[in-house]
Amino acid sequence: IFDMISTKISNNEIDKLCEVGFCGEFPLIYGLSGNGIGMFRVKKLLNMNAACINIKNNVLTEEAIIENGFKYENNQFIVILKECKKKNRKNIILDYS
């Protein structure tokens, strides 16, 4: 779980965050937007490794802040990996079968 204070993520943006070229409303307003490829690359890398990401916005509402006119919230990025299976005491082998 990556738990962080970052720019506000609207509910309607969560499903779009990993689309290539997508940039959230608030980063665009604040002039903090990138090229819209970062989360797309994260999702692609996770998919290649049989993993996925779950994004939860504004988890701790009491931690939401406005600084210099910018809205920040506590957002969680949860990476879910396939279970590692211990084959013997010396080695842990990842089994993706």
field: Reported SG-to-NZ distance for the pair Cys23 and Lys16, which is rounded to 0.5 angstrom
entry: 12.5 Å
message: For residues 33-52, which residue pairs pass the ring pair (Phe, Tyr, Trp, His ring centres under 6.0 Å) check, not counting sequence neighbours?
response: none
task: State the NZ-CZ distance between Lys56 and Phe77, to the nearest 0.5 angstrom.
output: 13.0 Å
- request: Check whether more than 12 heavy atoms from other residues, nucleotides or ligands sit under 6.0 Å from atom CG of Asn12, and answer yes or no.
  value: yes
query: According to a 4.5 Å side-chain heavy-atom criterion applied to Ile, Leu, Val, Met, Phe, Trp and Tyr, with indirect links allowed, do Val79 and Met4 form part of one hydrophobic cluster?
result: yes
query: Quick one: side-chain contact (heavy atoms from CB on, under 4.5 Å) partners of Asn57, sequence neighbours excluded?
result: Ile9, Asn11, Ile14, Asn75
- request: Could you please spell out the steps behind the side-chain contact (heavy atoms from CB on, under 4.5 Å) verdict for Phe22 and Met39?
  value: CA-CA 9 Å; Phe22 180 79; Met39 290 302 296; over 6 Å; no
- prompt: Yes or no on side-chain contact (heavy atoms from CB on, under 4.5 Å) for Asn49 and Leu81, after CA distance, side-chain angles and deciding distance?
  reply: CA-CA 8 Å; Asn49 289 283; Leu81 304 171; 5.9 Å; no
- request: With sequence neighbours excluded, tell me which residues meet side chain to side chain donor-acceptor pair (under 3.5 Å) with Glu25.
  value: none
query: Under the salt bridge (Lys or Arg N to Asp or Glu O under 4.0 Å) test, which residues partner Lys43, sequence neighbours left out?
result: none
Show which side-chain atoms of residues 59-73 pair as donor or acceptor with protein atoms under 3.5 Å away, not counting sequence neighbours.
| residue | atom | partner | partner atom | Å |
| --- | --- | --- | --- | --- |
| Glu63 | OE1 | Asn74 | ND2 | 3.2 |
| Glu73 | OE2 | Lys8 | NZ | 3.1 |

- prompt: In the single-linkage hydrophobic clustering (I, L, V, M, F, W, Y; side-chain heavy atoms under 4.5 Å), do Phe2 and Leu45 co-cluster?
  reply: no
- line: Note: with side-chain heavy atoms under 4.5 Å as the link, the other cluster members for Ile78 come out as Ile1, Ile80
- prompt: Do Val42 and Cys18 touch side chain to side chain, with heavy atoms closer than 4.5 Å?
  reply: no
